[in-house]
Amino acid sequence: MKLANLIGERFKETPSDCIIESHALMLRGGYMKYVANGIYSSLPPLRRITKKIEQIIREEMDALDGQEVQFPVVLPASLWQESGRYESVGSELLRLKDRNGSPLVLGMTHEEAAVQLVRDYGSTYSRYPFMIYQIQTKFRDEARPRAGLIRVREFTMKDAYSFHTSTKDLEAYYLRCHRAYERIFARAGIPEVLSVASDSGMMGGSLSHEFMLLTPAGEDSVAVCGACGYRANVEAAACVAHNEPPAVLQPLQTVETPDAHTIEALCAFLHVIPAQCCKAVVYQKETDGSYVVLFLRGDLEANQTKLTNYLGCDVRPAAITPESGLCAGFIGPVGLCGGMTVLYDTSLQGTGNLVCGANRQGFHSTGLQLERDCGTVEYHDFAKLPDGGVCPVCGRPAIRVSRGVEVGNIFQLDAKYTQAMGMRYVDADGTEKTPVMGCYGIGVGRLAACVCEVRHDDHGPVWPLAIAPWQVHLCCLRADDAGTKAAADALYASLQKNGVEVLYDDRTVSAGVMFADADLLGIPVRVIVSPRNCAEGCFELAARDKTVKEKAPLAKSRAGCAGAAAPP
(Lines give C-alpha, C1' and ligand atoms only; values in the text may rest on other atoms or scores of the structure.)
Protein backbone atom coordinates (compact mmCIF):
# COMPACT_ATOMS: atom_id res chain seq x y z
CA MET A 1 0.00 0.00 0.00
CA LYS A 2 1.30 3.45 -0.88
CA LEU A 3 0.68 6.20 1.61
CA ALA A 4 -0.09 8.62 -1.21
CA ASN A 5 -3.17 6.51 -2.01
CA LEU A 6 -4.30 5.95 1.58
CA ILE A 7 -7.78 7.37 2.22
CA GLY A 8 -7.81 9.80 5.13
CA GLU A 9 -5.74 12.70 6.34
CA ARG A 10 -3.40 13.31 9.23
CA PHE A 11 -3.40 16.51 11.26
CA LYS A 12 -0.93 18.27 13.52
CA GLU A 13 -3.55 20.02 15.64
CA THR A 14 -5.45 18.25 18.43
CA PRO A 15 -9.26 18.59 18.12
CA SER A 16 -10.67 20.76 20.89
CA ASP A 17 -13.32 18.26 22.02
CA CYS A 18 -10.91 15.39 22.72
CA ILE A 19 -10.52 14.66 26.42
CA ILE A 20 -8.20 11.63 26.22
CA GLU A 21 -5.12 10.83 24.16
CA SER A 22 -6.46 7.87 22.20
CA HIS A 23 -9.40 9.91 20.92
CA ALA A 24 -7.13 12.74 19.78
CA LEU A 25 -4.51 10.50 18.20
CA MET A 26 -7.02 8.37 16.32
CA LEU A 27 -8.70 11.46 14.86
CA ARG A 28 -5.38 13.16 14.06
CA GLY A 29 -3.94 9.99 12.54
CA GLY A 30 -6.78 9.38 10.11
CA TYR A 31 -8.13 6.26 11.84
CA MET A 32 -11.74 7.36 12.15
CA LYS A 33 -14.09 10.22 11.36
CA TYR A 34 -16.89 11.69 13.46
CA VAL A 35 -20.39 11.11 12.06
CA ALA A 36 -22.71 11.90 14.96
CA ASN A 37 -22.61 11.91 18.74
CA GLY A 38 -21.06 8.56 19.71
CA ILE A 39 -20.93 7.33 16.09
CA TYR A 40 -17.77 7.10 13.95
CA SER A 41 -16.73 5.76 10.56
CA SER A 42 -13.56 3.64 10.46
CA LEU A 43 -10.87 4.53 7.93
CA PRO A 44 -8.47 1.87 6.53
CA PRO A 45 -5.82 1.96 9.33
CA LEU A 46 -8.41 1.36 12.06
CA ARG A 47 -10.23 -1.27 10.01
CA ARG A 48 -6.97 -3.17 9.55
CA ILE A 49 -6.36 -3.01 13.31
CA THR A 50 -9.85 -4.20 14.25
CA LYS A 51 -9.72 -7.03 11.69
CA LYS A 52 -6.57 -8.32 13.39
CA ILE A 53 -8.20 -8.03 16.81
CA GLU A 54 -11.22 -9.91 15.47
CA GLN A 55 -8.94 -12.65 14.14
CA ILE A 56 -7.27 -13.05 17.54
CA ILE A 57 -10.70 -13.30 19.14
CA ARG A 58 -11.92 -15.83 16.56
CA GLU A 59 -8.88 -18.04 17.12
CA GLU A 60 -9.40 -18.06 20.88
CA MET A 61 -13.16 -18.63 20.62
CA ASP A 62 -12.66 -21.46 18.12
CA ALA A 63 -10.15 -23.02 20.51
CA LEU A 64 -12.98 -23.15 23.07
CA ASP A 65 -15.09 -25.10 20.57
CA GLY A 66 -17.10 -21.98 19.80
CA GLN A 67 -19.11 -21.79 16.59
CA GLU A 68 -19.52 -18.46 14.83
CA VAL A 69 -23.05 -17.32 14.00
CA GLN A 70 -24.69 -14.02 13.03
CA PHE A 71 -27.75 -12.54 14.72
CA PRO A 72 -29.94 -9.77 13.28
CA VAL A 73 -29.18 -6.18 14.23
CA VAL A 74 -32.92 -5.41 14.32
CA LEU A 75 -34.93 -7.74 16.56
CA PRO A 76 -38.66 -8.11 17.21
CA ALA A 77 -39.67 -6.65 20.53
CA SER A 78 -41.42 -9.94 21.31
CA LEU A 79 -38.09 -11.62 22.05
CA TRP A 80 -37.22 -8.98 24.65
CA GLN A 81 -40.75 -9.19 26.02
CA GLU A 82 -40.25 -12.93 26.54
CA SER A 83 -37.21 -12.29 28.75
CA GLY A 84 -38.84 -9.32 30.49
CA ARG A 85 -36.11 -6.90 29.46
CA TYR A 86 -38.24 -4.91 27.02
CA GLU A 87 -39.86 -3.22 30.01
CA SER A 88 -36.98 -3.38 32.52
CA VAL A 89 -34.17 -1.95 30.39
CA GLY A 90 -34.13 1.83 30.22
CA SER A 91 -33.78 4.29 27.37
CA GLU A 92 -30.39 2.92 26.30
CA LEU A 93 -32.40 0.26 24.42
CA LEU A 94 -33.53 1.88 21.17
CA ARG A 95 -37.15 0.94 20.46
CA LEU A 96 -38.83 1.56 17.10
CA LYS A 97 -41.65 0.36 14.85
CA ASP A 98 -41.69 -0.83 11.28
CA ARG A 99 -44.15 0.41 8.61
CA ASN A 100 -46.74 -2.08 9.84
CA GLY A 101 -46.55 -0.81 13.39
CA SER A 102 -44.74 -3.89 14.72
CA PRO A 103 -42.44 -3.01 17.65
CA LEU A 104 -38.72 -3.62 17.11
CA VAL A 105 -35.47 -3.01 18.98
CA LEU A 106 -31.91 -2.35 17.85
CA GLY A 107 -29.81 -5.07 19.44
CA MET A 108 -27.49 -3.82 22.17
CA THR A 109 -26.84 -7.38 23.34
CA HIS A 110 -28.16 -10.71 22.06
CA GLU A 111 -29.03 -13.09 24.91
CA GLU A 112 -32.62 -13.34 23.69
CA ALA A 113 -31.57 -13.95 20.09
CA ALA A 114 -29.12 -16.63 21.22
CA VAL A 115 -31.80 -18.54 23.13
CA GLN A 116 -34.24 -18.21 20.22
CA LEU A 117 -31.61 -19.58 17.82
CA VAL A 118 -30.79 -22.74 19.77
CA ARG A 119 -33.80 -23.58 21.94
CA ASP A 120 -35.07 -26.11 19.40
CA TYR A 121 -31.60 -27.51 18.74
CA GLY A 122 -30.91 -27.88 22.47
CA SER A 123 -33.91 -30.12 23.13
CA THR A 124 -31.84 -33.11 24.29
CA TYR A 125 -29.03 -33.46 26.83
CA SER A 126 -26.77 -35.18 24.27
CA ARG A 127 -26.13 -31.89 22.46
CA TYR A 128 -24.71 -30.08 25.47
CA PRO A 129 -22.49 -28.23 26.17
CA PHE A 130 -22.05 -25.88 23.21
CA MET A 131 -21.07 -22.27 22.60
CA ILE A 132 -22.01 -19.84 19.84
CA TYR A 133 -20.48 -16.42 19.18
CA GLN A 134 -20.68 -13.52 16.78
CA ILE A 135 -18.74 -10.34 15.95
CA GLN A 136 -21.28 -7.73 14.99
CA THR A 137 -22.38 -4.11 15.10
CA LYS A 138 -24.59 -3.14 18.03
CA PHE A 139 -26.32 0.03 19.16
CA ARG A 140 -26.68 1.31 22.71
CA ASP A 141 -28.22 4.75 23.15
CA GLU A 142 -25.67 6.02 25.67
CA ALA A 143 -26.72 9.17 27.47
CA ARG A 144 -23.17 10.56 27.52
CA PRO A 145 -20.98 9.09 24.77
CA ARG A 146 -17.43 10.32 25.19
CA ALA A 147 -13.74 9.58 24.78
CA GLY A 148 -13.81 8.49 21.16
CA LEU A 149 -14.26 4.73 20.79
CA ILE A 150 -14.17 4.07 24.54
CA ARG A 151 -17.79 5.08 25.05
CA VAL A 152 -19.90 5.16 21.89
CA ARG A 153 -23.46 4.43 20.82
CA GLU A 154 -22.70 2.24 17.80
CA PHE A 155 -19.94 -0.33 18.29
CA THR A 156 -18.60 -3.69 17.15
CA MET A 157 -18.68 -6.40 19.77
CA LYS A 158 -17.83 -10.05 20.11
CA ASP A 159 -20.53 -11.69 22.19
CA ALA A 160 -20.55 -15.39 22.97
CA TYR A 161 -23.16 -17.58 24.67
CA SER A 162 -22.56 -21.01 26.18
CA PHE A 163 -25.24 -23.52 27.17
CA HIS A 164 -24.89 -26.23 29.81
CA THR A 165 -26.88 -28.90 31.62
CA SER A 166 -25.40 -28.12 35.04
CA THR A 167 -23.97 -25.25 37.05
CA LYS A 168 -20.80 -27.28 37.58
CA ASP A 169 -20.26 -27.55 33.84
CA LEU A 170 -20.96 -23.81 33.40
CA GLU A 171 -18.43 -22.95 36.10
CA ALA A 172 -15.74 -25.07 34.45
CA TYR A 173 -16.37 -23.47 31.05
CA TYR A 174 -16.44 -20.01 32.63
CA LEU A 175 -12.89 -20.57 33.88
CA ARG A 176 -11.78 -21.64 30.40
CA CYS A 177 -13.25 -18.43 28.96
CA HIS A 178 -11.56 -16.41 31.69
CA ARG A 179 -8.17 -17.82 30.65
CA ALA A 180 -8.98 -17.25 26.96
CA TYR A 181 -9.72 -13.60 27.69
CA GLU A 182 -6.36 -13.21 29.39
CA ARG A 183 -4.71 -14.61 26.27
CA ILE A 184 -6.71 -12.31 23.98
CA PHE A 185 -5.64 -9.16 25.80
CA ALA A 186 -2.02 -10.32 26.03
CA ARG A 187 -1.94 -11.10 22.30
CA ALA A 188 -3.48 -7.70 21.51
CA GLY A 189 -0.66 -6.00 23.42
CA ILE A 190 -2.15 -5.14 26.82
CA PRO A 191 -1.32 -8.08 29.15
CA GLU A 192 -1.74 -5.77 32.16
CA VAL A 193 -5.53 -5.98 31.94
CA LEU A 194 -6.99 -7.05 35.31
CA SER A 195 -9.91 -9.34 35.96
CA VAL A 196 -12.15 -7.88 38.67
CA ALA A 197 -15.36 -9.02 40.31
CA SER A 198 -18.27 -6.94 39.04
CA ASP A 199 -21.97 -6.25 39.29
CA SER A 200 -24.09 -8.19 36.80
CA GLY A 201 -26.39 -5.22 36.18
CA MET A 202 -29.14 -5.67 33.61
CA MET A 203 -27.49 -8.89 32.39
CA GLY A 204 -28.46 -10.74 35.57
CA GLY A 205 -26.95 -13.99 36.79
CA SER A 206 -24.98 -15.10 39.80
CA LEU A 207 -21.37 -14.21 38.96
CA SER A 208 -19.57 -11.82 36.64
CA HIS A 209 -16.11 -10.45 36.00
CA GLU A 210 -14.94 -7.39 34.13
CA PHE A 211 -11.55 -7.11 32.48
CA MET A 212 -10.22 -3.68 33.33
CA LEU A 213 -7.36 -1.68 31.88
CA LEU A 214 -6.19 0.71 34.58
CA THR A 215 -5.79 4.17 33.06
CA PRO A 216 -6.74 7.71 34.10
CA ALA A 217 -8.95 7.78 30.99
CA GLY A 218 -11.32 5.24 32.54
CA GLU A 219 -14.82 5.99 33.81
CA ASP A 220 -15.01 2.98 36.11
CA SER A 221 -13.41 2.75 39.54
CA VAL A 222 -11.49 -0.38 40.48
CA ALA A 223 -10.63 -1.37 44.05
CA VAL A 224 -7.41 -3.37 44.48
CA CYS A 225 -6.09 -4.61 47.82
CA GLY A 226 -2.33 -4.20 48.12
CA ALA A 227 -2.21 -6.82 50.86
CA CYS A 228 -4.13 -9.83 49.52
CA GLY A 229 -4.69 -8.98 45.85
CA TYR A 230 -8.49 -8.67 46.08
CA ARG A 231 -9.88 -6.86 43.02
CA ALA A 232 -13.37 -5.62 42.26
CA ASN A 233 -15.28 -2.90 40.51
CA VAL A 234 -16.22 -0.37 43.19
CA GLU A 235 -19.86 -0.84 42.15
CA ALA A 236 -19.66 -4.47 43.33
CA ALA A 237 -17.12 -4.22 46.17
CA ALA A 238 -18.42 -4.61 49.71
CA CYS A 239 -17.76 -1.56 51.88
CA VAL A 240 -16.52 -2.54 55.32
CA ALA A 241 -16.65 0.08 58.07
CA HIS A 242 -15.30 -0.52 61.58
CA ASN A 243 -16.92 1.57 64.31
CA GLU A 244 -16.06 1.88 67.98
CA PRO A 245 -19.18 2.57 70.08
CA PRO A 246 -18.74 5.56 72.39
CA ALA A 247 -18.13 4.87 76.07
CA VAL A 248 -20.87 7.32 77.08
CA LEU A 249 -23.95 8.06 74.97
CA GLN A 250 -25.01 11.68 74.81
CA PRO A 251 -28.66 12.73 74.71
CA LEU A 252 -30.21 13.76 71.40
CA GLN A 253 -30.14 17.56 71.24
CA THR A 254 -31.12 20.08 68.56
CA VAL A 255 -28.61 22.82 67.75
CA GLU A 256 -28.78 25.75 65.39
CA THR A 257 -26.45 25.37 62.39
CA PRO A 258 -27.11 28.29 60.02
CA ASP A 259 -25.89 27.81 56.43
CA ALA A 260 -24.44 24.35 57.21
CA HIS A 261 -25.96 22.64 54.17
CA THR A 262 -23.02 20.29 53.48
CA ILE A 263 -20.98 17.81 55.49
CA GLU A 264 -17.92 20.02 55.11
CA ALA A 265 -19.70 23.12 56.38
CA LEU A 266 -21.32 21.18 59.22
CA CYS A 267 -18.00 19.69 60.36
CA ALA A 268 -16.35 23.09 60.32
CA PHE A 269 -19.21 24.64 62.33
CA LEU A 270 -19.47 21.92 65.00
CA HIS A 271 -15.80 20.91 65.02
CA VAL A 272 -16.42 17.25 64.21
CA ILE A 273 -15.10 14.91 61.52
CA PRO A 274 -17.23 13.47 58.68
CA ALA A 275 -17.18 9.98 60.23
CA GLN A 276 -19.14 11.43 63.19
CA CYS A 277 -21.99 12.50 60.92
CA CYS A 278 -25.06 10.68 59.62
CA LYS A 279 -25.47 11.86 56.04
CA ALA A 280 -28.70 11.72 54.01
CA VAL A 281 -28.67 11.06 50.26
CA VAL A 282 -32.04 11.30 48.50
CA TYR A 283 -33.17 9.54 45.31
CA GLN A 284 -36.42 9.00 43.46
CA LYS A 285 -37.58 5.73 41.98
CA GLU A 286 -37.92 5.76 38.21
CA THR A 287 -41.01 3.56 38.48
CA ASP A 288 -43.25 5.91 40.46
CA GLY A 289 -41.17 8.95 41.44
CA SER A 290 -41.40 8.13 45.16
CA TYR A 291 -38.57 9.25 47.41
CA VAL A 292 -35.81 7.04 48.81
CA VAL A 293 -33.76 8.47 51.69
CA LEU A 294 -30.48 6.71 52.34
CA PHE A 295 -28.53 7.41 55.53
CA LEU A 296 -24.83 6.60 55.70
CA ARG A 297 -21.69 7.72 57.48
CA GLY A 298 -20.59 11.18 56.47
CA ASP A 299 -17.17 10.17 55.16
CA LEU A 300 -18.59 7.71 52.60
CA GLU A 301 -20.35 8.01 49.26
CA ALA A 302 -23.55 6.26 48.19
CA ASN A 303 -23.27 3.43 45.66
CA GLN A 304 -26.22 3.85 43.33
CA THR A 305 -25.70 0.41 41.77
CA LYS A 306 -26.06 -1.31 45.15
CA LEU A 307 -29.15 0.75 45.87
CA THR A 308 -30.71 -0.11 42.51
CA ASN A 309 -30.04 -3.81 43.02
CA TYR A 310 -31.61 -3.71 46.49
CA LEU A 311 -34.73 -1.86 45.36
CA GLY A 312 -35.13 -3.79 42.13
CA CYS A 313 -35.67 -0.64 40.09
CA ASP A 314 -33.68 2.28 38.72
CA VAL A 315 -33.33 5.46 40.75
CA ARG A 316 -32.27 9.01 39.99
CA PRO A 317 -30.99 11.82 42.20
CA ALA A 318 -34.04 13.44 43.75
CA ALA A 319 -35.52 16.80 42.94
CA ILE A 320 -36.48 17.97 46.43
CA THR A 321 -39.53 20.21 46.25
CA PRO A 322 -41.43 22.02 49.05
CA GLU A 323 -44.21 19.45 48.65
CA SER A 324 -41.83 16.54 49.35
CA GLY A 325 -41.73 17.23 53.08
CA LEU A 326 -37.92 17.07 52.99
CA CYS A 327 -35.68 19.87 54.18
CA ALA A 328 -32.68 19.83 51.86
CA GLY A 329 -29.38 20.03 53.71
CA PHE A 330 -30.98 19.26 57.07
CA ILE A 331 -32.50 15.78 56.61
CA GLY A 332 -32.23 13.36 59.54
CA PRO A 333 -33.77 10.03 60.58
CA VAL A 334 -35.60 11.33 63.67
CA GLY A 335 -38.98 12.87 62.90
CA LEU A 336 -38.70 12.22 59.17
CA CYS A 337 -42.05 12.46 57.40
CA GLY A 338 -43.70 9.26 56.13
CA GLY A 339 -44.55 8.08 52.64
CA MET A 340 -40.98 7.36 51.55
CA THR A 341 -38.48 4.51 51.63
CA VAL A 342 -35.87 4.97 54.38
CA LEU A 343 -32.66 2.90 54.28
CA TYR A 344 -29.59 2.66 56.52
CA ASP A 345 -26.07 1.76 55.46
CA THR A 346 -23.98 -0.70 57.47
CA SER A 347 -21.42 2.06 58.10
CA LEU A 348 -23.82 3.42 60.75
CA GLN A 349 -23.99 0.14 62.67
CA GLY A 350 -22.43 0.31 66.13
CA THR A 351 -22.14 4.08 66.11
CA GLY A 352 -23.35 6.68 68.56
CA ASN A 353 -23.18 10.39 69.34
CA LEU A 354 -23.67 11.20 65.66
CA VAL A 355 -24.59 14.53 64.11
CA CYS A 356 -27.58 14.45 61.75
CA GLY A 357 -30.16 16.75 60.24
CA ALA A 358 -33.05 17.84 62.45
CA ASN A 359 -35.53 18.12 59.55
CA ARG A 360 -35.76 21.86 60.22
CA GLN A 361 -34.18 24.61 58.16
CA GLY A 362 -30.94 25.72 59.86
CA PHE A 363 -30.90 23.01 62.55
CA HIS A 364 -29.08 19.73 63.18
CA SER A 365 -29.21 17.18 65.97
CA THR A 366 -26.27 15.89 68.02
CA GLY A 367 -25.99 12.73 70.11
CA LEU A 368 -27.83 10.48 67.65
CA GLN A 369 -27.88 6.76 68.45
CA LEU A 370 -30.03 5.07 65.83
CA GLU A 371 -31.43 2.12 67.78
CA ARG A 372 -32.30 4.31 70.76
CA ASP A 373 -33.75 7.22 68.78
CA CYS A 374 -35.30 5.46 65.77
CA GLY A 375 -36.30 2.04 67.05
CA THR A 376 -35.61 -1.07 64.99
CA VAL A 377 -33.13 -0.36 62.22
CA GLU A 378 -32.06 -2.72 59.40
CA TYR A 379 -28.62 -2.15 57.92
CA HIS A 380 -27.53 -2.99 54.37
CA ASP A 381 -24.42 -2.26 52.30
CA PHE A 382 -25.11 0.82 50.14
CA ALA A 383 -21.73 2.61 50.25
CA LYS A 384 -18.79 2.83 47.85
CA LEU A 385 -15.56 1.25 49.02
CA PRO A 386 -13.21 4.26 49.38
CA ASP A 387 -9.53 4.64 48.63
CA GLY A 388 -7.67 3.53 51.74
CA GLY A 389 -10.70 1.52 52.87
CA VAL A 390 -10.83 -1.87 54.55
CA CYS A 391 -10.48 -4.89 52.28
CA PRO A 392 -13.61 -7.08 52.52
CA VAL A 393 -11.45 -10.21 52.18
CA CYS A 394 -8.38 -9.75 54.37
CA GLY A 395 -9.71 -6.96 56.61
CA ARG A 396 -6.70 -4.68 56.18
CA PRO A 397 -6.98 -1.00 55.28
CA ALA A 398 -5.05 -1.58 52.06
CA ILE A 399 -7.57 -0.72 49.34
CA ARG A 400 -6.43 1.50 46.50
CA VAL A 401 -9.01 2.81 44.04
CA SER A 402 -7.90 3.47 40.46
CA ARG A 403 -9.65 4.51 37.28
CA GLY A 404 -10.15 1.85 34.62
CA VAL A 405 -11.75 1.05 31.27
CA GLU A 406 -13.78 -2.13 30.90
CA VAL A 407 -12.50 -3.93 27.79
CA GLY A 408 -14.40 -7.19 28.30
CA ASN A 409 -16.84 -8.98 30.58
CA ILE A 410 -18.03 -12.49 31.33
CA PHE A 411 -21.21 -13.56 33.13
CA GLN A 412 -22.68 -16.71 34.60
CA LEU A 413 -26.30 -16.07 33.63
CA ASP A 414 -27.62 -19.32 35.11
CA ALA A 415 -31.23 -19.89 33.90
CA LYS A 416 -32.27 -16.21 33.74
CA TYR A 417 -33.01 -16.27 30.00
CA THR A 418 -33.57 -19.96 29.31
CA GLN A 419 -36.22 -20.17 32.03
CA ALA A 420 -38.01 -16.98 30.94
CA MET A 421 -37.99 -17.99 27.27
CA GLY A 422 -39.10 -21.59 27.77
CA MET A 423 -35.91 -23.36 26.66
CA ARG A 424 -36.02 -27.00 27.84
CA TYR A 425 -34.16 -30.22 27.21
CA VAL A 426 -34.89 -33.86 27.97
CA ASP A 427 -32.26 -35.30 30.32
CA ALA A 428 -30.86 -38.83 30.27
CA ASP A 429 -33.45 -39.94 32.82
CA GLY A 430 -36.29 -38.68 30.64
CA THR A 431 -37.12 -35.63 32.76
CA GLU A 432 -37.48 -32.15 31.30
CA LYS A 433 -34.99 -29.58 32.58
CA THR A 434 -33.85 -26.01 31.94
CA PRO A 435 -30.29 -25.40 30.68
CA VAL A 436 -28.03 -22.72 32.16
CA MET A 437 -26.08 -20.07 30.24
CA GLY A 438 -22.92 -18.05 30.27
CA CYS A 439 -22.18 -14.97 28.15
CA TYR A 440 -18.86 -13.39 27.23
CA GLY A 441 -18.33 -9.98 25.57
CA ILE A 442 -15.45 -7.91 24.17
CA GLY A 443 -15.77 -4.50 22.51
CA VAL A 444 -13.50 -4.58 19.46
CA GLY A 445 -13.22 -0.84 18.83
CA ARG A 446 -12.90 -0.12 22.54
CA LEU A 447 -10.04 -2.62 22.76
CA ALA A 448 -8.24 -0.85 19.90
CA ALA A 449 -8.71 2.51 21.62
CA CYS A 450 -7.48 1.09 24.93
CA VAL A 451 -4.30 -0.20 23.31
CA CYS A 452 -3.74 3.26 21.85
CA GLU A 453 -4.44 4.86 25.23
CA VAL A 454 -1.59 3.01 26.96
CA ARG A 455 0.73 2.40 23.99
CA HIS A 456 1.59 5.85 22.70
CA ASP A 457 4.18 8.58 23.10
CA ASP A 458 4.03 12.33 22.55
CA HIS A 459 3.96 11.87 18.78
CA GLY A 460 1.45 9.09 18.20
CA PRO A 461 0.43 5.49 18.85
CA VAL A 462 2.98 2.70 19.21
CA TRP A 463 0.98 -0.27 17.93
CA PRO A 464 1.96 -3.78 19.02
CA LEU A 465 3.03 -5.88 16.05
CA ALA A 466 0.09 -8.30 16.40
CA ILE A 467 -2.53 -5.65 15.68
CA ALA A 468 -0.56 -2.92 13.87
CA PRO A 469 -2.24 -1.71 10.65
CA TRP A 470 0.95 -2.61 8.76
CA GLN A 471 4.14 -4.31 9.91
CA VAL A 472 6.64 -2.03 8.18
CA HIS A 473 6.55 1.66 7.26
CA LEU A 474 8.94 2.28 4.36
CA CYS A 475 10.02 5.92 4.05
CA CYS A 476 11.73 7.13 0.88
CA LEU A 477 13.41 10.43 1.67
CA ARG A 478 13.98 12.47 -1.47
CA ALA A 479 11.76 10.45 -3.80
CA ASP A 480 12.77 12.99 -6.49
CA ASP A 481 16.26 11.46 -6.46
CA ALA A 482 16.29 8.67 -9.06
CA GLY A 483 18.78 6.43 -7.28
CA THR A 484 17.06 6.70 -3.93
CA LYS A 485 13.65 6.06 -5.47
CA ALA A 486 14.92 3.00 -7.34
CA ALA A 487 16.42 1.54 -4.15
CA ALA A 488 13.22 2.18 -2.18
CA ASP A 489 11.07 0.71 -4.96
CA ALA A 490 13.20 -2.44 -4.99
CA LEU A 491 12.94 -2.72 -1.24
CA TYR A 492 9.16 -2.28 -1.42
CA ALA A 493 8.88 -5.05 -4.00
CA SER A 494 11.08 -7.34 -1.93
CA LEU A 495 9.05 -6.73 1.24
CA GLN A 496 5.81 -7.53 -0.57
CA LYS A 497 7.28 -10.64 -2.17
CA ASN A 498 8.26 -11.90 1.28
CA GLY A 499 4.72 -11.45 2.58
CA VAL A 500 5.44 -8.40 4.74
CA GLU A 501 2.62 -5.91 5.26
CA VAL A 502 4.20 -2.65 4.20
CA LEU A 503 3.04 0.95 3.88
CA TYR A 504 5.26 2.78 1.41
CA ASP A 505 5.68 6.54 1.62
CA ASP A 506 7.23 7.79 -1.61
CA ARG A 507 5.70 11.26 -1.53
CA THR A 508 7.85 14.26 -2.35
CA VAL A 509 7.44 15.85 1.09
CA SER A 510 9.92 16.96 3.72
CA ALA A 511 11.44 14.49 6.15
CA GLY A 512 9.61 16.27 8.99
CA VAL A 513 6.21 15.75 7.39
CA MET A 514 7.01 12.15 6.48
CA PHE A 515 8.19 11.21 9.98
CA ALA A 516 5.29 13.05 11.66
CA ASP A 517 2.84 10.99 9.59
CA ALA A 518 4.78 7.82 10.37
CA ASP A 519 4.59 8.59 14.09
CA LEU A 520 0.82 9.06 13.89
CA LEU A 521 0.40 5.76 12.06
CA GLY A 522 2.45 4.02 14.75
CA ILE A 523 3.69 1.10 12.63
CA PRO A 524 6.19 -0.90 14.73
CA VAL A 525 9.07 -1.14 12.21
CA ARG A 526 10.31 1.77 10.12
CA VAL A 527 12.65 1.39 7.15
CA ILE A 528 14.28 4.59 5.86
CA VAL A 529 15.92 4.92 2.46
CA SER A 530 17.73 8.21 1.81
CA PRO A 531 20.44 9.55 -0.52
CA ARG A 532 22.97 9.43 2.34
CA ASN A 533 22.08 5.84 3.22
CA CYS A 534 22.23 4.81 -0.43
CA ALA A 535 25.67 6.40 -0.75
CA GLU A 536 26.74 4.18 2.15
CA GLY A 537 25.11 1.16 0.51
CA CYS A 538 22.59 0.63 3.32
CA PHE A 539 19.14 1.47 4.62
CA GLU A 540 18.09 2.40 8.14
CA LEU A 541 15.95 0.12 10.29
CA ALA A 542 14.25 1.63 13.37
CA ALA A 543 11.63 0.56 15.86
CA ARG A 544 8.67 2.88 16.40
CA ASP A 545 9.21 2.65 20.16
CA LYS A 546 12.81 3.83 19.61
CA THR A 547 14.34 0.76 21.26
CA VAL A 548 16.24 -0.24 18.09
CA LYS A 549 17.98 1.77 15.41
CA GLU A 550 20.51 0.18 13.05
CA LYS A 551 21.66 0.04 9.45
CA ALA A 552 21.52 -2.92 7.05
CA PRO A 553 23.27 -3.36 3.68
CA LEU A 554 21.13 -2.70 0.63
CA ALA A 555 22.89 -5.59 -1.09
CA LYS A 556 21.34 -7.92 1.47
CA SER A 557 18.00 -6.16 1.47
CA ARG A 558 16.13 -9.32 0.53
CA ALA A 559 17.25 -11.08 3.71
CA GLY A 560 16.87 -7.91 5.72
CA CYS A 561 13.34 -7.42 4.44
CA ALA A 562 12.37 -10.95 5.34
CA GLY A 563 13.33 -10.26 8.92
CA ALA A 564 11.93 -6.75 9.05
CA ALA A 565 8.50 -7.93 10.12
CA ALA A 566 9.88 -9.66 13.20
CA PRO A 567 9.78 -7.71 16.46
CA PRO A 568 13.00 -5.69 16.69
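Below, all heavy atoms of this structure are taken into account, side chains as well, without hydrogens, waters or symmetry copies. Only a predicted model underlies this, so the values are computations on that prediction, with no experimental measurement involved.
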Thinking salt bridges, do [X] and [Y] make one under a 4.0 Å N-O criterion?
{"X": "Glu92", "Y": "Arg151", "value": "no"}
{"X": "Arg544", "Y": "Asp519", "value": "yes"}
{"X": "Arg316", "Y": "Glu286", "value": "yes"}

Mark yes when over 12 heavy atoms from residues, nucleotides or ligands other than [X] sit less than 6.0 Å from its [atom1]; otherwise mark no.
{"X": "Lys97", "atom1": "NZ", "value": "no"}
{"X": "Glu219", "atom1": "CD", "value": "yes"}
{"X": "Arg95", "atom1": "CZ", "value": "yes"}
{"X": "Lys2", "atom1": "NZ", "value": "yes"}
{"X": "Glu301", "atom1": "CD", "value": "no"}

Notebook entry, point to check: With ring centroids as reference points, do Phe411 and His209 lie under 6.0 angstrom apart?
Noted result: no
Item checked: Ring geometry between Phe71 and His110 (parallel below 30°, tilted from 30 to 60°, perpendicular above 60°) ->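 Rings of His110 and Phe71: parallel, under 30°.
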Checklist line | Those residues that, when tested against Glu21, pass side-chain hydrogen bond (donor to acceptor under 3.5 Å, both in side chains) (two or more places apart) | finding: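 Checked Glu21 against side-chain hydrogen bond (donor to acceptor under 3.5 Å, both in side chains); zero matches.
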Note to self: Holding to side-chain hydrogen bond (donor to acceptor under 3.5 Å, both in side chains), I want the full list of residues that pass it with Lys306, two or more places apart in sequence or in another chain.
What the structure shows: Asp381
Next item on the list: Mind checking the CG-CD spacing from Leu311 to Gln304? Nearest 0.5 Å is all I need.
Entry: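 The CG atom of Leu311 sits 10.0 Å away from the CD atom of Gln304.
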